[in-house]
Colleague: 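Here it is: the structure, laid out below.
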Amino acid sequence: MNQKTKQLTTIAMLSALAYIVMWVGRIPVVLFLKYDPKDVIITIGGFLHGPLSAFVISALVSLVEMFSASDTGVIGLLMNILSTCAFSCTAAVIYKKKRTLSGAAIGLTAGVILMVVMMLLWNYFITPLYMKTPRDVVAGMLLPVFLPFNLIKGILNAALTMLLYKPVSKALRRSGLMPASASTAGSSRSRIGVTLVSLVLLATGILLVLVMQGKI
């Protein structure tokens, strides 16, 4: 199996996995907004094979989701692709230029910021069409609803990506689908620090989801 075939195989596997976690991992947060961890898988694909792969996986999964699991039609498809690509492709572009732990952290942080800004803008323009609600009503929901939701989504995605990227890349190398040089290891101390920070962010994100759901 040549390297191109291995890359296509990996992209297909990650696309299937992203769809599965989207289907089984959707969590209602507030109003019609749901969190699912598919962006984590898509970002890992971007870290492994570059931003174009992240875009391809995002488009494939969003298209299948539109026909099988979504009730928002083309609007949902557009918003899914925009949100995922703002986060995953941004992180992958930066990580491609700086394949280190700090590069991954910077990329994910930039991805969260860009996703939040983009989704506030697109929710302002698109959500009135979806909800059939006046735009001034949606504008009043941007800060109390859409901003915290997208921040929480970004925090969870970034934390899970940092926790899962290394194990996934190791598993792919052991299976022969990735070359040994595909991963850049940081020091043990740095990796422990990143793991602890990621766990704290993950716990924080989960608590914020519970707050927005009104459970605590």
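No experiment lies behind these values; they were computed from the predicted model shown. Numbers here are sequence positions counted from 1.
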Colleague: Tell me the closest heavy-atom pair linking L207 and I216, and the distance in Å.
Modeller: O-CD1, 3.7 Å
Colleague: First locate atom CD of E65, then atom OG of S58, and finally report the distance between them rounded to the nearest 0.5 Å.
Modeller: 9.5 Å
Colleague: Is there side-chain contact between F146 and T127, with heavy atoms separated by less than 4.5 Å?
Modeller: yes
Colleague: Yes or no on side chain to side chain contact (heavy atoms under 4.5 Å, CB included) for L60 and V64, after CA distance, side-chain angles and deciding distance?
Modeller: CA-CA 6 Å; L60 286 173; V64 176; 5.6 Å; no
Colleague: Please answer: with hydrophobic residues joined when any side-chain heavy atoms are less than 4.5 Å apart, are V29 and V21 in the same cluster?
Modeller: yes
Colleague: Under a single-linkage definition using a 4.5 Å side-chain heavy-atom cutoff for Ile, Leu, Val, Met, Phe, Trp and Tyr, are V93 and L101 assigned to the same hydrophobic cluster?
Modeller: no
Colleague: For residues F149 and M212, report the shortest heavy-atom separation together with the two atoms involved.
Modeller: N-SD, 4.0 Å
Colleague: Between D39 and S88, does any side-chain donor sit less than 3.5 Å from a side-chain acceptor?
Modeller: no
Colleague: For residues F47 and L108, determine if any side-chain heavy atom of one lies less than 4.5 Å from a side-chain heavy atom of the other.
Modeller: yes
Colleague: Answer whether the closest heavy-atom distance between the side chains of L82 and M118 falls below 4.5 Å.
Modeller: yes
Colleague: Do any N or O atoms from the side chain of K6 and from the backbone of G176 form a donor-acceptor pair under 3.5 angstrom?
Modeller: yes
Colleague: What is the distance from atom CG of L201 to atom CG of L196, rounded to the nearest 0.5 Å?
Modeller: 11.0 Å
Colleague: Check P51 against K96 and note the closest heavy-atom contact, atom names and distance.
Modeller: CD-CD, 4.1 Å
Colleague: Under 4.5 Å between any side-chain heavy atoms of L147 and V116, yes or no?
Modeller: yes
Colleague: Walk me through whether M79 and N123 qualify under side chain to side chain contact (heavy atoms under 4.5 Å, CB included).
Modeller: CA-CA 9 Å; M79 297 294 275; N123 275 299; 3.6 Å; yes
Colleague: Who passes ring pair (Phe, Tyr, Trp, His ring centres under 6.0 Å) against F32, sequence neighbours left out?
Modeller: Y130
Colleague: Evaluate the side chain to side chain contact (heavy atoms under 4.5 Å, CB included) criterion for residues Q213 and I27: first the C-alpha distance (whole Å), next the side-chain angles of each, then the deciding distance (0.1 Å), finally the verdict.
Modeller: CA-CA 10 Å; Q213 290 176 331; I27 303 170; 3.5 Å; yes
Colleague: Please report the closest heavy-atom contact between L142 and P148, naming both atoms and the distance.
Modeller: O-CD, 4.4 Å
Colleague: Rounded to the nearest 0.5 Å, how far apart are CD1 of I57 and CE of M13?
Modeller: 11.0 Å
Colleague: Which distance, rounded to the nearest 0.5 Å, do you find between the CE of M141 and the CG of D136?
Modeller: 12.0 Å
Colleague: Verify the cluster assignment for L129 and Y124: are they in a single hydrophobic cluster under the rule of side-chain heavy atoms below 4.5 Å apart?
Modeller: yes
Colleague: Could you state whether V138 and V117 fall into the same hydrophobic cluster, counting links through intermediate Ile, Leu, Val, Met, Phe, Trp or Tyr residues with side-chain heavy atoms under 4.5 angstrom apart?
Modeller: no
Colleague: Indicate, with yes or no, if L202 and M162 share a hydrophobic cluster defined by side-chain heavy-atom contacts under 4.5 Å among Ile, Leu, Val, Met, Phe, Trp and Tyr.
Modeller: yes
Colleague: Would you compute the distance between atom CG of L151 and atom CG of L156 and round it to the nearest 0.5 angstrom?
Modeller: 11.0 Å
Colleague: If you compare all heavy atoms of A86 against all heavy atoms of T90, which two are closest, and at what distance to 0.1 Å?
Modeller: O-OG1, 2.6 Å
Colleague: Yes or no on side chain to side chain contact (heavy atoms under 4.5 Å, CB included) for C85 and M115, after CA distance, side-chain angles and deciding distance?
Modeller: CA-CA 8 Å; C85 288; M115 182 196 71; over 6 Å; no
Colleague: Using side-chain heavy atoms (C-beta onward) and a distance below 4.5 Å, is W122 in contact with L78?
Modeller: yes
Colleague: Ignoring hydrogens, what is the shortest heavy-atom contact between P37 and G25? Give both atom names and the distance.
Modeller: CD-O, 3.8 Å
Colleague: Less than 4.5 Å apart, any side-chain heavy atom of P28 and any of Y35?
Modeller: no
Colleague: Would you say the side chain of V112 lies within less than 4.5 Å of the side chain of I155, judging by non-hydrogen atoms?
Modeller: no
Colleague: Under 6.0 Å from the OH atom of Y19, do we count more than 12 heavy atoms belonging to anything else shown?
Modeller: yes
Colleague: For the backbone of K34 and the side chain of R26, can you confirm whether one donor and one acceptor N or O come within less than 3.5 Å of each other?
Modeller: no
Colleague: Heavy-atom distance under 4.5 Å between the side chains of F87 and L114, does that happen here?
Modeller: no
Colleague: Please report the interatomic distance OG1(T43) to CG(L160), rounded to the nearest 0.5 Å.
Modeller: 10.0 Å
Colleague: Do the side-chain N and O atoms of S62 and K38 include a donor-acceptor pair separated by under 3.5 angstrom?
Modeller: no
